[in-house]
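First up is the structure itself, then whatever we jot down about it.
No experiment lies behind these values; they were computed from the predicted model shown. Letters A, B, ... are given to chains in the order of the sequence lines, protein chains preceding strands, and every chain is numbered from 1. Keep in mind that the numbers below use all heavy atoms, side chains included, and drop hydrogens, waters and symmetry copies.
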Amino acid sequence: MAAKKFVPKEQPQKKARGPLSDLDKVTLREIKNCAVHVHQKIQKQDKPELKFPDRSLRNARYDKKDGYFVMGRSRVERTLTVNTVKSFAQTLKMMALSKQLVDEDDFATKREAYYVSKNWDEAKFDEQPESDAAMDDIEALFSLEGVMREHLRFKADEHGGKVAGQMIVLDRERDSGNELRIDCTKFGSASYAIPTSVEHLGFETKAKFVLVIETIGMFERLSQHNYWKTANCILIGTAGVPTRATRRFVRKLSDAHKLPVYAFNDCDPYAFSNIYRTLKVGSGNAVHLNQFFCVPHARFLGVSPQDIVDYELPTHALKDVDIKRAQDMLKNDPFFQAHKEWQKAIEMMLKSGQRAEQQALAKHGLNFVIDEYLPRKLKEVAKFLP
Amino acid sequence: MKERADSNQGQLFADGDDKVDKTDKTDKQKPVAADKGADKGADKGERAGAGVTAEHMAKKQREISVSEFFTKNRHLLGFDSPRKALLTAVKEAIDNSLDACEEGRILPDLKVKIARIGTSEKQFTMTVEDNGPGIVKAQVPNVFGRLLYGSKFHRLRQSRGQQGIGISAAGMYGQLTTGAPVRVRSKPGKKSVPLAYEIRIDTAKNRPDATDKVIEWDKDHGTEVSIDMEGEYRRGQKSVEEFLKLMAVANPHVHLVYTDPDNVVTEYLRATNELPKEVEEIKPHPHGVELGILLKMIQESDNRTVSAFLQQDFSRVGPTCAKAICELAGVKPETNPRRLETATVQRLKAAIDATKIMAPPLSCIAPIGEDLIIAGLKKEVDADFYVATSRKPVVYRGHPFAIEVGIAYGKPGDTLTMTDAGKIVEVAKQKADNDEVLMGAADEPIRLIRFANRVPLVFQQSACAITKAVIATNWKNYGMQQPRGALPIGPMVVFVHIASVWVPFTSESKEAIASYDEILEELRLALMESGRKLGIHVRKGRKLAGEFKKRNYIETYIPHLVVALKDILKLDDKDASKARNNLTVVLEKSRKL
């Protein structure tokens, strides 16, 4: 017998929500203003336009004093034409969705929002990167008013980082709202995972510093051998580029307890620019919110090009993309342009034509990193790359 | 073989294998035309004893009748396959009928019928009936029962038939494959007695063997020919239907009713009541004459001086011109041309070629004309756009000819047009889908339809000068796709017509035009002229299609944009529809063509 065709039930009317928070009011006001602006132009039979901040490295300004990328004044104006009518409609539909989520006190992950759009017939997004871009556009548009994606009720569906160390994370129970104390030492062979939203978290710790580790492999080695205990630190594994939540978590944690932050990465251009630089000063794409999502006082522990020489690490040759990326960093990235030490390090790497991974330290013994490398490096914090 | 070839220097076809033999074997002095048989009597004795003697061979050497020649070489005349034979027979009969009607200044009314003999799928009766002037009793047997008998070979006049082979070859083919005689009915005038003939062809002697009887025929004048023949009937490309359709394109003055073997009747209507212009017969132009023809003309001339011969047997030769030629050739103008040695005639020919002679009169050419080409195309090909170019006549090798090109482009239904109100809409189809369609799809090569003196050329497309010229044209300039060295791609029919007093076919079956430089050049110019006009249309259509797509695109997304605004601003339906209208105006305002 054929299965009965699924017919979705009519969604029940949402219960009236509690009072709007101030930020919710700002969000709704911004969405409305934007729609009013478009509507008025249409009524005058003029072409409506939306002005988005230019989300790119070109529009990023770096000031050592600020310590992070600041958005420049450059705007991208999107006028309604034949070529833009689809994305124009999609952007407005996305705003309408956001308004609905605020009204109903709900949220959607980026992936969910992408699937909601599948209801929009021809205006649906074909691939998630398109809906993510529309979301980022709206966020950038409203960022001038302090509205972030979280306020638009869109959540990242990216993984958070992993945390190990002597620390209590203060969270709340979802239903009761009572305080929840999470002891990060009590995860056994697992570890605490950073949630997608971290604004409400608090921390209790006596650790001396935060070590942000690029690879989960290295994070596992250090956490399983209780390095956090020996060095009295908090270990955070990012598995590549740290997500917004991870960046925000590290920032809040280090701000709360004035903890220095050290980055422990591979030694290659991608690790320098995409992973470390994003952690420290933010990215071009998220230039409108770097203020909150970066860790300006982070320092680069290693592996540096000098380490390759000092520790006689086994290497691989740089690939063409690596070389191109390194040259681009020197030429176009305001962060590296502002730091002579980094320029020297990158030039040294380009000259040698070699890169190395964190795990290359295992050449001298699996726990060489714990017994020798990290202690020796930590004795000379001043020599860390900025 | 070699020995004999040695002894017959200068003879092109020393052994009379498949070539038409020549009856005149007596005069050894005169070289003969290249395509005639050879003189085999020379120097017989000298080689005696060396293998087979010439005398021995001579016993086997005998005249070959053209009819026998045909039976062995029917592919040369277009009877190589049963399918092609049926089409060739129809074509030859129609050629004759139309030539006769036009010469008699009668608007042609033709009836064509193909019927199965019994239930056979292999034997058919082909019947073509016309309302032409008819044929007198004495000539009927010769016209239908004797090869190389006709009125058209010996004169220079634009006509469909050229050599007097066609219809008798069809009859001979029928007789060979079915054993049945050619049946003819003819009434040469209102007061004449209509006669029915049965004509058998004596293939050995190239002589007709005819019987006739008086019949009743309710017709003022006309001729009907029926031939039983082996054939294969198929529809589609290279079918009888297609041929008739093409004939109708190039002959918009013809009314034709066709009955196919399944008794389905198709009628091709007239697009004009005007007969093609009456064409004059012209004398040969000196520059178009080869040595063999020149010798033959000298033999047949009544003129007793070279000067008179040149002036009266050729066009465009006056006293001054004749004198100049004679001086150049070193011949006294008053010499009797028949007394000229072959070598002298050769000098005369060289002198003719070296002398500047006015081009032949062009009045002998009757092109179809641009208007009627378009009328013919419109009648038979459903398209969006028609254009035609009719070039003025020019000359190749002393023969006047004119090139005409017509183009039908775009399948209605696949294309767009803009209304006066600025709306873009799809063009409606004019004809039913099941009609025989000449035009291919947008991703197929174009259809090239070739005509010589208004007769469709169906076979040997790739060997034809017309095809070469179409391929050599750069259609990309006119907005078409064109693979290298091939016909362009697209929904298009290209019509090319050559009108000439003597169309240079590559073979006797008249299927392809030879590539003379002058003809290729005229083809090029005509194709370019039509191509330029096509290009304007194609580009306009492409722009329109792009615009249509964009407008569709706009109309797709406007509702979504309005719904979003409606959701955010809580607009009512009235405001929403107002916003939608305004938005449409805003977007289309920016897209004025």
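Using a 4.5 Å heavy-atom threshold, the side chains of B/Leu583 and A/Leu80 count as touching. You'll find the side chain of B/Ile568 reaches within 4.5 Å of the side chain of A/Met95, heavy atoms only. Between B/Leu571 and A/His39 there is a side-chain heavy-atom pair separated by less than 4.5 Å. Between B/Leu565 and A/Val38 there is a side-chain heavy-atom pair separated by less than 4.5 Å.
B/Val563 touches chain A through its side chain: at least one heavy atom from C-beta onward sits under 4.5 Å away, while N, CA, C and O do not.
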inquiry  = side-chain contact (heavy atoms from CB on, under 4.5 Å), that's the test. Do A/Asp46 and B/Val586 meet it? Break it down for me.
reply    = CA-CA 6 Å; A/Asp46 281 342; B/Val586 170; over 6 Å; no
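Counting heavy atoms of neighbouring residues, nucleotides and ligands inside a 6.0 Å radius, atom CD of B/Gln481 does not exceed 12 of them. Residue A/Asn332 qualifies as enclosed at atom CG: its count of foreign heavy atoms under 6.0 Å is above 12. More than 12 heavy atoms of other residues, nucleotides or ligands sit less than 6.0 Å from atom CZ of B/Arg539. Counting heavy-atom neighbours within 6.0 Å of A/Lys118 NZ, excluding the residue itself, gives a total above 12. The number of heavy-atom neighbours closer than 6.0 Å to NZ of B/Lys540, taken from other residues, nucleotides and ligands shown, is 12 or below. Other residues, nucleotides and ligands contribute only 12 or fewer heavy atoms inside 6.0 Å of the NZ atom of A/Lys32.
Between the NZ atom in B/Lys578 and the CD atom in A/Gln43 there is a gap of 5.5 Å [rounded to 0.5 Å]. Taken from CD1 in A/Ile42 to CD1 in B/Ile558, the straight-line distance is 9.0 Å, to the nearest 0.5 Å. Remark: A/Lys41 NZ to B/Asn582 CG distance equals 14.0 Å, nearest 0.5 Å. The distance from atom NZ of B/Lys550 to atom OG1 of A/Thr81, rounded to the nearest 0.5 Å, is 9.0 Å. A/Ile31 CD1 to B/Asp567 CG: the interatomic distance, rounded to the nearest 0.5 Å, is 11.5 Å.
Under the 3.5 Å distance criterion, the side-chain polar atoms of B/Tyr557 are matched with a main-chain donor or acceptor of A/Glu122.
A/Ala96 and B/Ala564 get closest at one heavy-atom pair: CB-O, 4.1 Å.
Your options are A/Lys86, A/Lys99, A/Lys93, and the one with the most heavy-atom pairs under 4.5 Å with chain B is A/Lys86.
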